[in-house]
Novice: 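Quick one: the structure is below, questions incoming.
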Amino acid sequence: MPPLAAGTPLALWPRTAVLLPDAREPVVLPAGCRAPLVDWCAGRTHEVPAQVQSALAPLLDDAPSDLNRVEQRLALLDERYVGWLPGFTRSRDPELRRVRAMHSRRKAWTLPRLARPTLPSSTLRRAEIIAALCGKKILLTDDPDGLGVLLATNADVTVTEPDPVRHHWLATEAARENNKLHLTTNSDIDGLFDVSVIFCGPPAASAAELGLAIRCTRPGGHIVVGMRLPWEEVMLSLAAQAGLVVERYEREIDHWLVPGLAVIDGGQDLVVYRRPEGAALPAIEAGVAATVRATPHGVLDIDSVPRATLDKTALTRFATLLAAAAPAAEEGRSLHGAHDHDVLCWYDSRGHGLTAELRRAEEHLLISIVPFDADLEYLALWAAHAVLCDDASRVRPLRTRRADKEYFFA
């Protein structure tokens, strides 16, 4: 195992745990370490094998040097991606420092659910919009960023968080802030809230999120929805049919983070709805045919891939890391290469997969995910950044497609 720098990310993927040192050579930990590592991150160190505990001790240490290194990186990224907002980073400096410190204490990364981890500036922008709604009782159905910890300064906040790693991190940060944050592991929520914060996903998930929000939000309250490609049309249609009224729309407010602190630009919009009296979730079509029609494809364009990483093993290294981290085992892989053009086809045992096309002259990687799978999308972005990309590489913004529709501004 190579020397590990302070702040090296630890990624706990569904079937394995991976270290990502600065040397750009990801270290896949021995088979069987995944479950004990989850327990260790939650504070039960007795279950961790001694050799793994020794190797990872520097990564999970709260030494100031570790935290400062990550905070400095987050500050650079905040300025790079949100610095175009006049005066934002300077005028919010104390608040941003608070969020960066909180994010730097995140011990490990796990596979997101509907919401994606974001830059501190994105977290703060969402917190300011939600706080301006003046809700005293707020529900968050997902929170990979500590948004609930920020809102709990002035509100009674409930967060549903079944992931043991994030659950432990949020509880620790809330205790550090002396906030009254209520954490639950399921969506069986009682009572009415002034504000509910939800996220769009596949049709069934969007319907479940919206149904929960309508049930748990008082008439006259607000439902705040994170909108992302390719599911935004599903949620927009459901919200319009439910009778929700748009009050505010923020374009590309979120910039996603993947382990290694790489940024995916323009990842998510935010829509603030008012929940009127009589709002009701519409019926959605179910069955295999509806699922097939609702399954999109996804395309990831990555530009400025450094030539130094584009040798003949580039896509093999990408596929090997993806296979180690994917939710299901690798079922098939084929690689076809030419002088300046390689194509990888990769699929897992569930039938989910992707095609990656690498063009060296253009320093460009095109990843097509068919059928679309959000977990595979996130892991493909992470694997590409881990073994191929550098700070100059950029994923073309994953912009939603319906920002100009009339019913946005009803």
Novice: Please check: side-chain N/O of Arg274 versus main-chain N/O of Pro219, any donor-acceptor pairing under 3.5 Å?
Specialist: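 Between the backbone of Pro219 and the side chain of Arg274 there is no qualifying donor-acceptor contact (under 3.5 Å).
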
Novice: Walk me through whether Arg166 and Glu161 qualify under salt bridge (charged side-chain N to carboxylate O under 4.0 Å, His left out).
Specialist: CA-CA 7 Å; Arg166 286 202 299 269; Glu161 186 49 78; 3.2 Å; yes

Novice: Are Arg80 and Asp265 close enough for a salt bridge, meaning some N to O gap below 4.0 Å?
Specialist: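 Salt bridge between Arg80 and Asp265, a charged N being under 4.0 Å from a carboxylate O: no.
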
Novice: Please list, chain by chain and in numerical order, all residues satisfying side chain to side chain contact (heavy atoms under 4.5 Å, CB included) with Thr153, sequence neighbours excluded.
Specialist: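 With neighbours one apart ignored, the set is Arg98, Asn179.
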
Novice: Tell me which pairs pass ring pair (Phe, Tyr, Trp, His ring centres under 6.0 Å) where either residue lies in residues 373-397, with sequence neighbours left out.
Specialist: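 Pairs touching residues 373-397 that pass the test: Trp13-Trp382.
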
Novice: Under 3.5 Å, side chain of Thr16 to main-chain N/O of Leu12, donor-acceptor pair present?
Specialist: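 No; zero donor-acceptor contacts below 3.5 Å.
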
Novice: Can you tell me how far CG of Leu257 sits from CG of Leu74, rounded to the nearest 0.5 angstrom?
Specialist: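 CG of Leu257 is found 6.5 Å from CG of Leu74.
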
Novice: Tell me every residue that passes side chain to side chain contact (heavy atoms under 4.5 Å, CB included) with Thr185, counting only those two or more places apart in sequence or in another chain.
Specialist: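 Testing Thr185 for side chain to side chain contact (heavy atoms under 4.5 Å, CB included), a comparison that skips the adjacent residues, returns His167.
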
Novice: Kindly check if the number of other-residue, nucleotide or ligand heavy atoms within 6.0 Å of CG (Asp311) is above 12?
Specialist: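 Yes, the 6.0 Å shell around CG holds more than 12 heavy atoms from other groups.
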
Novice: Which residues satisfy the salt bridge (charged side-chain N to carboxylate O under 4.0 Å, His left out) test with Arg360, sequence neighbours excluded?
Specialist: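 Applying salt bridge (charged side-chain N to carboxylate O under 4.0 Å, His left out) to Arg360 gives Asp342.
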
Novice: Could you tell me which non-hydrogen atom of Leu111 sits nearest to which non-hydrogen atom of Pro14, and how far apart they are?
Specialist: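 In terms of heavy atoms, the two residues are closest at CD2-CG, 3.7 Å.
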
Novice: Taking the side chain as every heavy atom from C-beta outward, state whether Val225 and Met235 have any pair of such atoms under 4.5 Å apart.
Specialist: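 They are in side-chain contact.
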
Novice: Is a salt bridge present between Glu71 and Arg69, judged by a nitrogen-to-oxygen distance below 4.0 Å?
Specialist: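 Looking at Arg69 together with Glu71, the answer is no, because their closest N to O distance does not fall below 4.0 Å.
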
Novice: Does Thr400 form a side chain to side chain donor-acceptor pair (under 3.5 Å) with Arg251? I'd like the steps, not just the answer.
Specialist: CA-CA 9 Å; Thr400 53; Arg251 180 76 159 156; 2.4 Å; yes

Novice: Arg116: which residues meet the side-chain hydrogen bond (donor to acceptor under 3.5 Å, both in side chains) condition with it, sequence neighbours left out?
Specialist: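 In terms of side-chain hydrogen bond (donor to acceptor under 3.5 Å, both in side chains), with neighbours along the sequence ignored, Arg116 is linked to Glu377.
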
Novice: If we only count heavy atoms from C-beta on, is the Val246 to Val272 side-chain gap below 4.5 Å?
Specialist: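 No. Closest side-chain heavy atoms not under 4.5 Å.
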
Novice: OG1/Thr160 to CD1/Ile198 distance, rounded to the nearest 0.5 angstrom?
Specialist: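 Thr160 OG1 to Ile198 CD1: 11.0 Å, rounded to 0.5 Å.
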
Novice: Quick one, Arg113 with Thr141, criterion side chain to side chain donor-acceptor pair (under 3.5 Å). Give me CA distance, side-chain angles, the key distance, then yes/no.
Specialist: CA-CA 10 Å; Arg113 291 186 287 133; Thr141 61; over 6 Å; no

Novice: Please examine the side chains of Asp254 and Leu270, heavy atoms only from C-beta on, and report whether any two atoms are closer than 4.5 Å.
Specialist: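 No; the side chains remain at least 4.5 Å from each other.
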
Novice: Does Arg90 have more than 12 heavy atoms from other residues, nucleotides or ligands lying within 6.0 Å of its CZ?
Specialist: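 Open.
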
Novice: Between Asp143 and Val159 (side chain of the first, backbone of the second, donor and acceptor by atom type, cut-off under 3.5 Å), is there such a pair?
Specialist: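 No; zero donor-acceptor contacts below 3.5 Å.
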
Novice: Taking all heavy atoms of Pro144 and all of Ala115, pick out the closest pair and write down the distance.
Specialist: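 Closest pair (atom of Pro144, atom of Ala115, distance): CD-CB, 3.7 Å.
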
Novice: Can you tell me how far CD1 of Ile253 sits from CG of Asp269, rounded to the nearest 0.5 angstrom?
Specialist: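 It is 9.0 Å, given to the nearest 0.5 Å.
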
Novice: Take Val343 and Leu335 through the test side chain to side chain contact (heavy atoms under 4.5 Å, CB included) and record every step on the way to the result.
Specialist: CA-CA 6 Å; Val343 176; Leu335 180 62; over 6 Å; no

Novice: To the nearest 0.5 Å, tell me how far Gln72 CD sits from Leu77 CG.
Specialist: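 Going from the CD atom of Gln72 to the CG atom of Leu77 covers 12.0 Å.
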
Novice: How many angstroms lie between SG in Cys345 and NE2 in His336, if you round to the nearest 0.5 Å?
Specialist: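 Answer for the SG-NE2 pair, Cys345 versus His336, is 6.0 Å.
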
Novice: Sequence neighbours excluded, which residues qualify as side-chain hydrogen bond (donor to acceptor under 3.5 Å, both in side chains) partners of Asp163?
Specialist: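 Asp163: side-chain hydrogen bond (donor to acceptor under 3.5 Å, both in side chains) contacts with Thr110.
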
Novice: Would you confirm whether Asp390, through its side chain, and Ser393, through its main-chain N or O, come within 3.5 Å as a donor-acceptor pair?
Specialist: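 Present.
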
Novice: What pairs with Asn186 under side chain to side chain contact (heavy atoms under 4.5 Å, CB included), at least two apart in sequence or on another chain?
Specialist: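 Partners of Asn186 by the side chain to side chain contact (heavy atoms under 4.5 Å, CB included) criterion, ordered by chain and then number, come out as Thr184, Asp188.
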
Novice: Of all the heavy-atom pairs spanning Val165 and Ala108, show the shortest one and how long it is.
Specialist: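 Closest approach of Val165 to Ala108: CG1-O, 4.1 Å.
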
Novice: Would you indicate whether the side-chain heavy atoms of Ile129 and Arg248 approach each other to under 4.5 Å?
Specialist: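 Yes. Closest side-chain heavy atoms under 4.5 Å.
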
Novice: Do Thr309 side-chain atoms and Pro306 backbone N/O form a donor-acceptor pair below 3.5 Å?
Specialist: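 Answer holds: yes.
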
Novice: Can you sort out the partners of Glu173 under side chain to side chain contact (heavy atoms under 4.5 Å, CB included), two or more places apart, ordered by chain and number?
Specialist: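 By the side chain to side chain contact (heavy atoms under 4.5 Å, CB included) rule, Glu173 matches Met102, Arg105, Val149, Trp169, Arg176.
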
Novice: Can you pull the side-chain hydrogen bond (donor to acceptor under 3.5 Å, both in side chains) pairs that have at least one residue in residues 212-223, sequence neighbours excluded?
Specialist: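 Listed by first then second residue: Asp194-Arg218, Ser196-Thr217, His222-Glu247.
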
Novice: Please identify each residue that fulfils side-chain hydrogen bond (donor to acceptor under 3.5 Å, both in side chains) with Glu330, with sequence neighbours left out.
Specialist: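 Glu330 satisfies side-chain hydrogen bond (donor to acceptor under 3.5 Å, both in side chains) with Arg333, Trp346 once adjacent residues are dropped.
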
Novice: What heavy-atom pair brings Trp109 and Pro117 nearest, and what distance separates the two atoms?
Specialist: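 In this case the closest contact between Trp109 and Pro117 is CZ3-CB, 3.8 Å.
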
Novice: Once rounded to the nearest 0.5 Å, what's the spacing between atom CG of Asp190 and atom SG of Cys216?
Specialist: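 Rounded to the nearest 0.5 Å, the CG-SG separation comes out at 8.0 Å.
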
Novice: Does this structure show an ion pair linking Arg359 with Glu357, if we count only N-O contacts that are shorter than 4.0 Å?
Specialist: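 A salt bridge is present here (some side-chain N lies under 4.0 Å from a carboxylate O).
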
Novice: Does His297 reach the side chain of Ser368, with side-chain heavy atoms less than 4.5 Å apart?
Specialist: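 No. Closest side-chain heavy atoms not under 4.5 Å.
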
Novice: Looking only at atom types and distance, does a side-chain atom of Asp145 sit under 3.5 Å from a main-chain N or O of Thr118, one as donor and one as acceptor?
Specialist: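 Side chain of Asp145 to backbone of Thr118, a donor-acceptor pair under 3.5 Å: yes, one is there.
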
Novice: Under a 3.5 Å distance rule, please check whether Asp348 uses its side chain to pair with a backbone N or O of Glu331 as donor and acceptor.
Specialist: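 Side chain of Asp348 to backbone of Glu331, a donor-acceptor pair under 3.5 Å: no, none is there.
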
Novice: Among residues at least two apart in sequence or on other chains, which ones pass side-chain hydrogen bond (donor to acceptor under 3.5 Å, both in side chains) with Asp93?
Specialist: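 Scan of Asp93 (side-chain hydrogen bond (donor to acceptor under 3.5 Å, both in side chains), adjacent residues dropped) gives Arg97.
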
Novice: If you define the side chain from C-beta out and look only at heavy atoms, does anything of His364 sit under 4.5 Å from Val305?
Specialist: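 Result no, sub-4.5 Å side-chain heavy-atom pair not found.
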
Novice: Quick one: closest heavy-atom pair of Cys389 and Ile302, and the distance?
Specialist: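 Nearest pair, atom of Cys389 first, then Ile302: SG-CG2, 3.8 Å.
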
Novice: Answer whether the closest heavy-atom distance between the side chains of Lys180 and Asp156 falls below 4.5 Å.
Specialist: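 No, side chains not in contact.
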
Novice: I'd like to know if the side chain of Ser91 and the backbone of Phe88 have a donor-acceptor N/O pair within less than 3.5 Å.
Specialist: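 A pair under 3.5 Å: yes.
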
Novice: Quick one: salt bridge (charged side-chain N to carboxylate O under 4.0 Å, His left out) pairs with a partner in residues 203-212, sequence neighbours left out?
Specialist: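 As it turns out, there is no salt bridge (charged side-chain N to carboxylate O under 4.0 Å, His left out) pair with a partner in residues 203-212 once direct neighbours are skipped.
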
Novice: Counting the benzene-type ring for Trp, do Tyr81 and Trp256 have ring centres under 6.0 Å apart?
Specialist: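 Ring-ring flag for Tyr81/Trp256: false, centres at least 6.0 Å apart.
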
Novice: Are side-chain heavy atoms of Phe372 and Trp231 found at a separation under 4.5 Å?
Specialist: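 Phe372 reaches Trp231 side chain to side chain.
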
Novice: Are a donor atom and an acceptor atom from the side chains of Ser237 and Glu233 found within less than 3.5 Å of each other?
Specialist: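 Short answer, no.
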
Novice: Over all heavy atoms of both residues, which pair between Ser121 and Val82 is shortest? Give the atoms and the distance, please.
Specialist: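 So the two residues come closest at OG-CG2, 2.9 Å.
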
Novice: Determine yes or no for a side-chain-to-main-chain donor-acceptor pair under 3.5 angstrom, with Arg307 supplying the side chain and Ala361 the backbone.
Specialist: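 Side chain of Arg307 to backbone of Ala361: a pair is present.
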
